[in-house]
Amino acid sequence: MTERLYLTGFMTCGKSTIGPILANTLGWNFYDLDDVIEELEGMTVVEIFKAKGEKYFRELETATLDKLSAEHNTIIALGGGTMANEKNVEIMKQSGKIIYLKVSPEMIYKRIKNKIDRPLFRDLVLEEKPKEDFIERILEILDEREKYYRLADMVVESEDKPLGITVDTIARELKRRGL
């Protein structure tokens with residue numbers, strides 16, 4: 001029986017929203033990796049990137065993931081780029097199952113176009129860039145990360161289904177697979 005589930009996918013795919021509901025459904029604990037890091041550092045992810053750099057953030061992310069991977073009956077919502085690190089993938093594969101919440105670039109754009117708390121899109125939002133610039137950047141990042149997302153044990157389309165349906169779909173599939 002799997003004791004850890006890792007939710008991955010592009011930013012705004014629903015990891016932090018679906019995760020706590022799924023955890024509640026299963027009677028498990030829930031952690032949002034970015035929230036845990038923010039609490040440890042006393043800064044937001046944007047502030048960490050700005051003050052200490054992405055390299056520092058990624059090292060802290062791996063250390064925090066490693067620590068959380070020892071927890072039992074736990075769902076961990078990963079940051080959008082957590083999977084793009086082989087050490088992180090190794091930790092997850094050895095300790096649990098990975099669920100990829102997949103959404104289209106169009107839906108990502110709709111969800112991200114006004115958010116300034118996403119370091120990789122902050123400048124586009126603040127400079128009020130056109131939709132095409134966002135889509136181009138989304139596709140660029142997706143292209144880099146898709147090979148990692150494909151390592152997931154389960155892929156769930158979380159595009160336009162109600163949250164409850166997505167959570168039920170995941171819970172049923174986990175039960176069906178004996179996870």
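Note on K52 versus E47: no salt bridge recorded, every NZ/NE/NH1/NH2 to OD/OE distance being 4.0 Å or above. A salt bridge is defined here as a Lys NZ or Arg NE, NH1 or NH2 lying under 4.0 Å from an Asp or Glu carboxylate O, and K161 with E157 fails to meet this definition. Salt-bridge annotation for D153 and K93: present, with a side-chain N of the basic residue lying under 4.0 Å from a carboxylate O of the acidic one. Under 4.0 Å is where a charged nitrogen must lie from a carboxylate oxygen, and between E106 and K131 at least one such pair does.
D34 has its side chain within reach of F57: a pair of non-hydrogen atoms, C-beta onward, lies under 4.5 Å apart.
With no hydrogens or angles considered, no side-chain donor-acceptor pair links T74 and E3 at under 3.5 Å. For the residue pair E41 / Y56, a side-chain donor-acceptor distance below 3.5 Å is found, with atom types taken as modelled. In this structure, a donor-acceptor pair under 3.5 Å is present between the side chains of S16 and D32.
Within the structure, ring-ring contact (aromatic ring centres under 6.0 Å, His included) pairs that include any residue of residues 136-155 comprise Y100-Y149 (at least two apart or interchain). Among residue pairs with one or both ends in residues 67-93, none qualify as ring-ring contact (aromatic ring centres under 6.0 Å, His included); sequence neighbours excluded. For residues 168-179, the pairs satisfying salt bridge (charged side-chain N to carboxylate O under 4.0 Å, His left out) are E173-R176, E173-R177, with sequence neighbours left out.
Listed for the R145 side chain is no donor-acceptor partner under 3.5 Å among the backbone atoms of M83. A donor-acceptor distance shorter than 3.5 angstrom exists from the side chain of E38 to the backbone of V45, with no hydrogens or angles considered.
Around the CD atom of E146, the shell of radius 6.0 Å holds more than 12 heavy atoms that belong to other residues, nucleotides or ligands.
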